[in-house]
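Working notes, beginning with the structure itself.
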Protein chains: 2
Amino acid sequence: MSEETNVVRRKPVSPAKLDAVDRRLLGLLAEDATLSYADLGHNLRLSPPAVHERVKRLRHDGIIKGTVAVLNGAKIGRPLLTFVHVDTTSWAVTRHLLALKELPEVEEIHTVTGESAMLLKVRTKDTQALEDLLERIHSIEGFKGTRSYIALSTYLERGPSPVLSA
Amino acid sequence: MSEETNVVRRKPVSPAKLDAVDRRLLGLLAEDATLSYADLGHNLRLSPPAVHERVKRLRHDGIIKGTVAVLNGAKIGRPLLTFVHVDTTSWAVTRHLLALKELPEVEEIHTVTGESAMLLKVRTKDTQALEDLLERIHSIEGFKGTRSYIALSTYLERGPSPVLSA
DNA sequence: CATGAAAAGTACACCTT
DNA sequence: AAGGTGTACTTTTCATG
C-alpha cells in the first residue's frame with residue numbers, strides 16, 4: 001500500500017529471528033498468498049489460529065511487506081522488458097528519481113556500483129515506447145547516457161526467498 | 001503456484017481487452033491484494049459480486065498470474081541485492097538455467113541483448129555468499145565471465161503496472 | 001489449541017441495458 | 001446477450017477463554 005519500498009536502507013536492518021516453521025510459512029505465502037489458514041495449518045501441522053498468529057507477527061514486524069496481485073506484463077500491454085543502466089554526472093540526482101517513479105513503465109529503480117550509477121527495470125508496450133522513455137531520461141538534468149539490455153526470454157521472476165542456503 | 005513464469009514467451013501473447021474499470025481494479029490489487037471485494041466495489045462503484053466476477057475473469061485469463069506475499073529481503077537475511085550479467089560461450093546454456101532456478105538466492109533469470117547474454121537478479125546474505133554464487137556460475141559449462149552490479153539503495157520495486165501511459 | 005461470533009467470499013436468480 | 005444487483009448460503013478470519 002504505502003511506498004515503503006526500501007527507500008534508502010541506510011539504517012542497518014537486522015535480520016529477524018525466524019524459526020524453520022516461519023520460513024516454511026513465508027515460502028508458502030510467497031508462492032500463493034490466497035491459501036487459507038486452514039490449508040497452511042494442514043501443511044505446517046498447525047492449527048488455523050496458530051498460523052494466523054504467526055502471519056500477524058510476520059506482518060507486524062515488516063517481514064511480510066504486503067500482499068499483491070502479480071500481473072502478466074504481456075497481457076496488460078507491456079510485452080517488452082528492458083534493464084537500463086544510467087550514467088549520471090552527479091550524485092545529486094536523487095531528487096529526479098522521484099519523477100521516474102511516476103512513470104508506470106518503470107518498475108525498479110536502484111543505485112548501483114560499477115560503471116553506471118543507476119539501474120532501471122522498465123516494461124513498455126514496444127520499442128517506440130522504450131525510445132520515448134529513454135529520451136525523457138536523457139532530457140533530465142544529471143543523466144548522461146544509458147545502456148539498454150532488452151530481455152529476450154524470462155526464465156524466472158519471483159520475490160525474495162526465505163529458504164536458507166545450503 | 002505453478003512455475004509458469006513466462007518461460008520462453010515465443011508464442012506472441014496478445015494483450016487482453018481491458019476496460020478502464022479492469023485497469024483500475026488491477027492497479028488496486030497490484031498494490032494491495034488483501035482489499036475485500038466490498039472495499040474494491042466501493043472504490044469502483046460496483047457491487048461485491050460484480051467485482052468478484054471481474055477478478056475471476058482476470059485470474060482465469062491469466063492477466064492476474066497469482067497473488068503473493070512480498071517479503072523484506074533484508075529481514076529474512078538477504079540484505080545484498082546484485083544484478084549479475086553473465087557472458088555465455090554458447091546459446092546451448094538453456095539446460096543449465098534450470099539449475100540456477102533451484103538456488104534460493106536467484107530471483108530472476110533473463111536472456112538479454114547486448115554484450116552479456118544473460119542477466120540475473122540475486123539476493124544474498126553477504127558478499128561472501130555472492131562470491132560463492134559467482135564461483136558456482138563460473139564452474140558451469142558454457143558460462144564465461146560475469147559482471148556484477150551491487151545495489152546500494154532501492155528506490156522503487158514493484159510489478160507490472162496496468163496504468164496506460166500518457 | 002478450541003470455540004464461536006463477525007466478516008468475507010461465492011453461487012444463484014432476477015433485473016437492467 | 002452481457003453484465004450488474006441483491007439475497008442467501010458457505011467458508012474464512014480472528015478475538016476470546
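Quick note: numbers below take in every heavy atom, side chains included, and nothing from hydrogens, waters or symmetry partners. Every chain is numbered from 1 and lettered A, B, ... according to where its sequence line falls, protein lines coming before strand lines.
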Query raised in the report: Using the ring of each side chain (for Trp, its six-membered ring), is A/His85 parallel, tilted or perpendicular to A/Tyr149, with breaks at 30° and 60°?
Result: perpendicular

Below 3.5 Å is the cut-off: list the nitrogen or oxygen pairs between protein and nucleotides 15-17 of chain C, distance only.
none

Requested in this report: Give a yes or no on whether a salt bridge exists between A/Arg123 and A/Glu157, defined as a side-chain N under 4.0 angstrom from a carboxylate O.
Outcome: yes

Query raised in the report: Whole Å only: how far is the CG atom of B/Leu40 from the P atom of C/dA8?
Result: 11 Å

Polar atom pairs (N or O), protein with nucleotides 13-17 of chain D, under 3.5 Å:
| residue | atom | partner | partner atom | Å |
| --- | --- | --- | --- | --- |
| D/dT13 | OP2 | A/Tyr37 | N | 2.9 |
| D/dC14 | OP2 | A/His52 | NE2 | 3.2 |
| D/dC14 | O5' | A/His52 | NE2 | 3.4 |
| D/dA15 | OP2 | A/Lys56 | NZ | 3.2 |

Report task. Starting from P on D/dG3, measure out to CG on B/Leu25 and report it in whole angstrom. Result -> 15 Å

Query raised in the report: So does A/Lys17 pair up with A/Asp22, basic N to acidic O under 4.0 Å?
Result: no

**Report entry** Between CG on residue A/Asp126 and CG on residue A/Asp132, distance to nearest 0.5 Å
**Finding:** 8.5 Å

Report task. Give one of base, sugar-phosphate or nothing for B/Arg57, where a contact means two heavy atoms less than 4.0 Å apart. Result -> nothing

Report summary line: Rounded to whole Å, CG of A/Leu46 lies from P of C/dA2 at a distance of 11 Å

Query raised in the report: Near A/Arg147 CZ, under 6.0 Å, is it more than 12 heavy atoms from other residues, nucleotides or ligands?
Result: yes

Query raised in the report: Are B/Asp61 and B/Lys56 within salt-bridge range, i.e. N to O under 4.0 Å?
Result: no

Requested in this report: Identify whether A/Leu134 and B/Leu156 are in the same connected component of the hydrophobic contact network (ILVMFWY, side-chain heavy atoms under 4.5 Å).
Outcome: yes

Query raised in the report: Excluding sequence neighbours, so at least two apart, what forms side chain to side chain contact (heavy atoms under 4.5 Å, CB included) with A/Thr82?
Result: A/Leu80, A/Val84, A/Val122, A/Leu130, A/Ser148, A/Ile150

